[in-house]
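So the structure is just underneath, and the comments pick up after that.
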Amino acid sequence: MTPVETKLEAARADLADRDGALVAFSGGVDSSVVAAIAHDALGADAVACTAKSETLPEAELEDARRVAAEIGIRHEIVSFSELESDDFVENDGDRCYHCRTMRLGEMLETAKRLDIGTVCDGTNADDPGAGHRPGLQAVEELDVASPLLAHDITKDEVREIAERYDLSVADKPSMACLSSRIPTGVSVTEERLTRVEQAEAVLRDWGFDQFRVRDHDGLARIEVAPDELEVALDPAFVEAAREALSDIGFEHVTLDLHGYRTGSVSPETDGADASGRDVVSANVDGASVDDDVPSTD
């Protein structure tokens, strides 16, 4: 067997020994692979569970429904609100810890209700070394199983396994929750989450593949992948983006010339304060370029 096949077989055997498994399921490639392995190993004793809240885009919820049907796994949807937590709304450096604690708490309650002994998540072997990840502390504290991490399955190997299971999300870009678009220290509100979701829906409809819209307290900072930057610099896009995002509720609209970067508003890599003044970005409200303090990310 190849190294990936060996790891896959070990993960499948691990799950097969468990008294059922409930997978914290976002519909992304990591949790989809865990769900596929769990369903392969346990059949009807495997359940995918998606936690619906203000931070989950509606498009991602629809993707989760579709991929669960692809796999053939039972799909449960539970609802809760992170905005009920003052610690989460405050949006300090541990926001992801508070979010993951609440989200996995919903998974554990659902597993208890369904008499399932194990809750799994999609943490892979690359995640612990991928920058500021306070959510991983919640996974450890709540004793949630991480089959991909436990069997040293990296992100590239996750995608290879997804292709083996013929999952449509094998090449899906990573998608963090909507609150990751709000800089640390700026409170998370339903208004900000809504306008980010609407703005990203616009870019998705326009054909962009890898992107984020960061909300710097009313200033939109658009990030797109380097290979899509030429399209974003087109004057027609500039005009359309300014008009569309202004209608959504943003006061200013900018384009980040660094392009798409994961965690660009997290505590360790934050290149801007709430005003967005130290972000190197083309200002699509006009013709200026904002380069007060170049980012070193």
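Computed from a prediction, not measured in an experiment: that's the story for all the values here. Each residue takes its place number in the sequence, starting with 1.
At least one cation-pi condition fails for Arg103 and Phe80: the charged atom is not both under 6.0 angstrom from the six-membered ring centre and inside a 45 degree cone around its axis.
Remark: the Arg66 side chain and the Ser168 side chain contain an N/O donor-acceptor pair separated by less than 3.5 Å. In this model, no donor atom of one side chain and acceptor atom of the other lie less than 3.5 Å apart for Thr55 and Ser179. With 3.5 Å as the limit, one finds a donor-acceptor pair spanning the side chains of Asp121 and Ser146.
A 4.5 Å side-chain heavy-atom check between Leu56 and Leu178 finds every atom pair outside the cut-off. The side-chain heavy atoms of Ile73 and Val47, taken from C-beta on, include no pair separated by under 4.5 Å. Counting only heavy atoms from C-beta outward, the side chains of Met175 and Arg212 approach each other to under 4.5 Å. Counting heavy atoms from C-beta on, the side chains of Leu233 and Leu255 come closer than 4.5 Å. Side-chain contact between Leu193 and Ile182 is present, with at least one heavy-atom pair separated by less than 4.5 Å. Counting only heavy atoms from C-beta outward, the side chains of Leu149 and Asn124 never approach each other to under 4.5 Å. Side-chain atoms of Leu22 and Met107, non-hydrogen and from C-beta on, do get closer than 4.5 Å to each other. When side chains are defined from C-beta on, Leu203 counts as touching Phe211, because their heavy atoms get closer than 4.5 Å.
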Let me see the working for Tyr97 and Glu141 under side chain to side chain contact (heavy atoms under 4.5 Å, CB included), right down to the final yes or no. CA-CA 10 Å; Tyr97 169 78; Glu141 288 178 355; 2.7 Å; yes

Kindly determine whether Val78 and Lys52 satisfy side chain to side chain contact (heavy atoms under 4.5 Å, CB included), including the steps that lead there. CA-CA 6 Å; Val78 296; Lys52 178 182 178 182; over 6 Å; no

Applying salt bridge (charged side-chain N to carboxylate O under 4.0 Å, His left out), run through Glu62 and Arg65 and close with a yes or a no. CA-CA 5 Å; Glu62 290 306 311; Arg65 288 191 176 104; 2.5 Å; yes

Apply side chain to side chain contact (heavy atoms under 4.5 Å, CB included) to residues Glu157 and Thr154 and explain how you reach the verdict. CA-CA 5 Å; Glu157 290 170 334; Thr154 66; 3.3 Å; yes

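Each of Arg214, Arg195, Arg181 was evaluated against Glu200; a single residue qualifies, Arg181, per the salt bridge (charged side-chain N to carboxylate O under 4.0 Å, His left out) test. None of Asp156, Asp152, Asp14 except one satisfies the salt bridge (charged side-chain N to carboxylate O under 4.0 Å, His left out) rule with Lys7; the exception is Asp152.
Annotation for Leu142 and Gly105: closest pair CD1-N, 4.4 Å, computed over non-hydrogen atoms. A pairwise comparison of heavy atoms in Val253 and Ile222 identifies CG1-CD1, 3.9 Å as the closest pair. Closest approach of Gln210 and Pro173 over heavy atoms only: OE1-CB, 2.9 Å. Considering every non-hydrogen atom in both Ser174 and Lys155, the closest pair reads OG-NZ, 3.8 Å. Of all the heavy atoms in Leu42 and Arg18, the pair that sits closest is CD2-O, 3.6 Å. Taking each heavy atom of Ala232 and Val238 in turn, the nearest pair found is O-CG2, 3.9 Å.
Proximity of a side-chain donor or acceptor of Asp19 to a complementary backbone N or O of Gly117 within less than 3.5 Å is not detected. Side chain of Glu82 to backbone of Val89: no donor-acceptor contact under 3.5 angstrom is found. Between the side chain of Glu163 and the backbone N or O of Glu160, no donor-acceptor pair lies under 3.5 Å. Looking only at distances, no side-chain donor or acceptor of Ser31 sits under 3.5 Å from a matching main-chain atom of Gly122. Side-chain N or O atoms of Glu70 include none that pairs as donor or acceptor with a backbone N or O of Val67 at under 3.5 Å. The main-chain N or O of Arg95 is never found under 3.5 Å from a side-chain atom of Asp87 such that the two would form a donor-acceptor pair. Proximity of a side-chain donor or acceptor of Asp215 to a complementary backbone N or O of Ala220 within less than 3.5 Å is not detected. A donor-acceptor contact shorter than 3.5 Å links the side chain of Glu223 to the backbone of Arg261.
In the hydrophobic clustering of this structure, Ile153 does not group with Val139; members are Ile, Leu, Val, Met, Phe, Trp, Tyr whose side-chain heavy atoms approach within less than 4.5 Å, directly or through other members. Linking Ile, Leu, Val, Met, Phe, Trp and Tyr residues whenever their side-chain heavy atoms come within less than 4.5 Å leaves Leu83 and Leu61 in two separate clusters. A single hydrophobic cluster is seen to contain both Val34 and Val169, as judged by linkage of ILVMFWY side chains at heavy-atom distances under 4.5 Å, directly or through other members. Linking Ile, Leu, Val, Met, Phe, Trp and Tyr whenever their side-chain heavy atoms come within less than 4.5 Å puts Leu148 and Leu167 in one cluster. With hydrophobic clusters built from ILVMFWY side chains whose heavy atoms lie under 4.5 angstrom apart, Ile71 does not share a cluster with Leu114.
Ring centroids of Phe208 and Phe237 are separated by less than 6.0 Å, placing the two rings close together.
Atoms CG and CZ, on Leu108 and Arg113 in that order, are 13.0 Å from each other to the nearest 0.5 Å. Separating the CD1 atom in Ile116 from the CD atom in Glu76 is a distance of 8.0 Å, to the nearest 0.5 Å. Between the SG atom of Cys177 and the CZ atom of Arg100 there is a distance of 9.5 Å, given to the nearest 0.5 Å. Between Asp92 atom CG and Ser187 atom OG the span is 12.0 Å, to the nearest 0.5 Å. With rounding to the nearest 0.5 angstrom, the CZ atom of Arg221 is 9.0 Å from the CG atom of Leu219. Of the inter-residue distances, the one linking Phe88 atom CZ with Ser53 atom OG reads 7.0 Å to the nearest 0.5 angstrom.
Within 6.0 Å of CG on Asp227 lie more than 12 heavy atoms contributed by other residues, nucleotides or ligands. Within a 6.0 Å radius of NZ in Lys172, other residues, nucleotides and ligands contribute more than 12 heavy atoms. A 6.0 Å sphere centred on CD of Glu190 holds no more than 12 heavy atoms belonging to other residues, nucleotides or ligands. Annotation for Asp247: atom CG counts as buried by contact number, over 12 foreign heavy atoms lying within 6.0 Å. Shown here is Asp166, whose CG atom has no more than 12 heavy atoms of other residues, nucleotides or ligands within 6.0 Å.
Partners of Arg12 under the side chain to side chain contact (heavy atoms under 4.5 Å, CB included) rule, at least two apart in sequence or in another chain, are Leu8, Glu9, Ile37, Asp40, Ala41, Tyr165.
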